[in-house]
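Only one structure is covered here, and it is reproduced in the block below.
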Amino acid sequence: MLARYACRPEETRGRLFREEESTFRSCFQRDRDRIIHSSAFRRLKHKTQVFIEHEGDYFRTRLTHSIEVGQVARTIAGVLGLNLELTEAVALAHDLGHTPFGHTGEDALSELMAPYGGFDHNAQAIRIVTRLERHYADFDGLNLTWETLEGIAKHNGPVTGQVPYALAEYNARHDLELHTHASAEAQVAALADDVAYNNHDLHDGLRAELFSTDELAELPLLDGCFAEVDRTYPGLNYYRRRHEALRRFFGILVADVIDVAQARIAALDPATAQDIRLAGHSVVQFSPDIWEQLKVIREFLFHRMYRAPSVLKMRAKVTAMVNDLFPLFLTNPELLPKQWRKDVEAVQNETELARIVADYIAGMTDRFAMQEHARLLGD
């Protein structure tokens with residue numbers, strides 16, 4: 001049974017292009033399925049979070065991360081009485097707009113695109129699902145419902161200030177009410193993202209030997225998790241010990257989000273999904289205490305993992321690749337694949353061409369970007 005404030009398929013605001021409804025799937029189920037079957041979703045398999053694609057088979061990729069976010073989001077949404085399919089659709093789509101080479105690639109592309117309106121991965125995800133996926137006969141994009149698009153655009157909160165061009169372009173055709181908060185389902189997807197990466201970046205950092213288990217055991221939240229494991233399983237194997245501790249850490253974060261969301265929803269007493277959007281604040285958050293402790297953990301990860309010498313060395317290498325490829329395609333658009341030529345022929349200025357080049361580079365996987373750089377530039 002859905003809660004009163006959940007998004008209901010029968011109350012959807014619909015799709016930009018009208019379609020016949022499925023006889024056996026709700027509109028949000030169809031959205032989720034279209035995202036899973038999209039080319040952009042498959043490419044996440046070879047796009048990385050922190051470590052570059054070839055550095056190891058066990059590190060998270062954007063795909064495994066998205067699956068983990070979807071799992072966490074469904075768990076939280078189920079407890080809160082929200083629509084599971086909509087929650088999962090937003091969770092699975094939230095990283096579609098990411099470039100190759102993680103945040104390093106995005107930083108490089110953002111700088112290169114500064115003269116042409118910038119680059120934002122959330123806005124790029126909207127561009128992908130509304131324009132760049134071209135498989136259907138009747139429309140470009142996936143023709144997702146308003147609720148799913150709203151969730152992708154606003155899961156981190158209202159879009160204020162200057163709206164990224166990739167989002168503004170679509171919003172002019174299909175108003176996503178960017179000034180309001182998103183549905184509770186989308187808010188759950190956003191917090192599930194935080195839960196997932198805070199947990200798995202610790203796993204990946206340990207596997208990469210950027211820090212030790214003993215160092216983790218001294219951090220807030222984690223100290224209690226390790227202590228509990230040691231009490232329950234004295235003398236436990238090294239690998240099992242850290243896995244058990246991180247499993248408990250994961251559970252603490254999920255439980256905290258659920259507890260806070262339940263309390264904030266009870267205080268708001270929303271009667272509809274729109275009441276959540278118009279509340280003026282997020283109803284799905286970490287508690288202040290957990291948030292403060294997470295900030296210490298994230299600061300640790302920033303210095304010991306995201307800015308580790310080995311990671312910085314690779315950041316410099318892949319930044320140079322993006323900095324080489326962008327001007328090369330901008331100056332020589334004939335090097336773009338055939339399916340991009342029609343778009344290139346229609347451009348009227350350099351900004352439009354630059355945005356096509358950004359679309360192409362942003363869609364690359366780590367491996368493909370490296371291969372193209374070697375093929376076109378000989379190194």
Side-chain angles (χ1 to χ4, degrees), residues 38-57 59-63 95-121 123-125 127-128 131-134 164-166 208 305-379:
S38 68
S39 298
F41 188 74
R42 289 195 298 276
R43 288 197 300 271
L44 296 180
K45 176 182 179 182
H46 294 294
K47 292 191 178 190
T48 45
Q49 294 285 109
V50 177
F51 299 97
I52 307 307
E53 192 266 340
H54 72 283
E55 291 185 289
D57 292 337
F59 297 124
R60 263 66 172 192
T61 66
R62 289 284 172 195
L63 181 60
D95 267 358
L96 290 181
H98 268 291
T99 66
F101 311 131
H103 288 288
T104 301
E106 180 174 4
D107 291 344
L109 195 55
S110 295
E111 187 171 337
L112 291 163
M113 282 294 293
Y116 310 107
F119 180 87
D120 176 87
H121 74 265
Q124 188 68 14
R127 190 168 170 89
I128 287 169
R131 177 172 178 169
L132 299 180
E133 286 284 328
R134 294 173 178 171
Y165 74 84
M305 184 173 178
Y306 310 143
R307 292 298 181 267
S310 59
V311 174
L312 288 177
K313 182 178 179 181
M314 184 56 71
R315 276 176 62 91
K317 180 178 180 180
V318 299
T319 296
M321 289 184 184
V322 176
N323 287 340
D324 288 343
L325 290 172
F326 184 87
L328 178 66
F329 289 124
L330 190 62
T331 306
N332 304 281
E334 69 277 3
L335 294 176
L336 293 168
K338 290 182 180 179
Q339 61 265 39
W340 294 81
R341 306 279 173 80
K342 187 175 180 180
D343 289 337
V344 170
E345 291 170 2
V347 302
Q348 299 183 16
N349 52 58
E350 187 174 73
T351 294
E352 291 182 4
L353 178 58
R355 291 175 178 179
I356 291 173
V357 172
D359 289 338
Y360 180 56
I361 292 176
M364 290 180 173
T365 63
D366 295 10
R367 180 170 57 186
F368 183 70
M370 290 177 168
Q371 290 172 345
E372 283 296 271
H373 189 270
R375 182 178 71 85
L376 295 171
L377 296 164
D379 58 1

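Basis for what follows: all heavy atoms, side chains included, without hydrogens, waters or symmetry-related copies.
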Would you please name every residue forming a side-chain hydrogen bond (donor to acceptor under 3.5 Å, both in side chains) with [X], sequence neighbours left out?
X    : value
R341 : none
E350 : Y116
R307 : none
S39  : R42, H135

Quick one: [atom1] on [X] to [atom2] on [Y], what's the gap to the nearest 0.5 Å?
X    : Y    : atom1 : atom2 : result
Y165 : T351 : OH    : OG1   : 9.5 Å
L335 : L330 : CG    : CG    : 11.5 Å
K45  : L63  : NZ    : CG    : 8.5 Å
Q124 : L109 : CD    : CG    : 8.0 Å
T48  : H103 : OG1   : NE2   : 10.5 Å
F101 : I361 : CZ    : CD1   : 10.0 Å

So which heavy atom on M370 is nearest to which on V318, and how close?
-> CE-CG1, 4.5 Å
Closest contact, heavy atoms only, T365 versus H46 = CB-O, 3.4 Å
Kindly write out the residues that satisfy salt bridge (charged side-chain N to carboxylate O under 4.0 Å, His left out) with E106, not counting sequence neighbours, or none if the list is empty.
-> none
Just so I know, are the side chains of [X] and [Y] near enough to count as touching, which here means a heavy-atom distance under 4.5 Å?
X    : Y    : result
H373 : L325 : yes
V357 : P333 : no
L44  : T61  : no
L336 : V344 : yes

Can you list everything that forms a side-chain contact (heavy atoms from CB on, under 4.5 Å) with [X]? Sequence neighbours excluded, please.
X    : result
P309 : none
D107 : R315
A40  : S38, R43, L96, I128, E133
D120 : N122, A123, P164

By ring-ring contact (aromatic ring centres under 6.0 Å, His included), F326 pairs with (sequence neighbours left out) none
Residue set satisfying ring-ring contact (aromatic ring centres under 6.0 Å, His included) with F329, at least two apart, ordered chain then number -> Y360
D366/K47 salt bridge by N-O under 4.0 Å criterion = no
Could you check E352 against R355 for salt bridge (Lys or Arg N to Asp or Glu O under 4.0 Å), going step by step and ending with a plain yes or no?
-> CA-CA 5 Å; E352 291 182 4; R355 291 175 178 179; over 6 Å; no
Applying side chain to side chain contact (heavy atoms under 4.5 Å, CB included), run through L112 and F119 and close with a yes or a no.
-> CA-CA 9 Å; L112 291 163; F119 180 87; over 6 Å; no
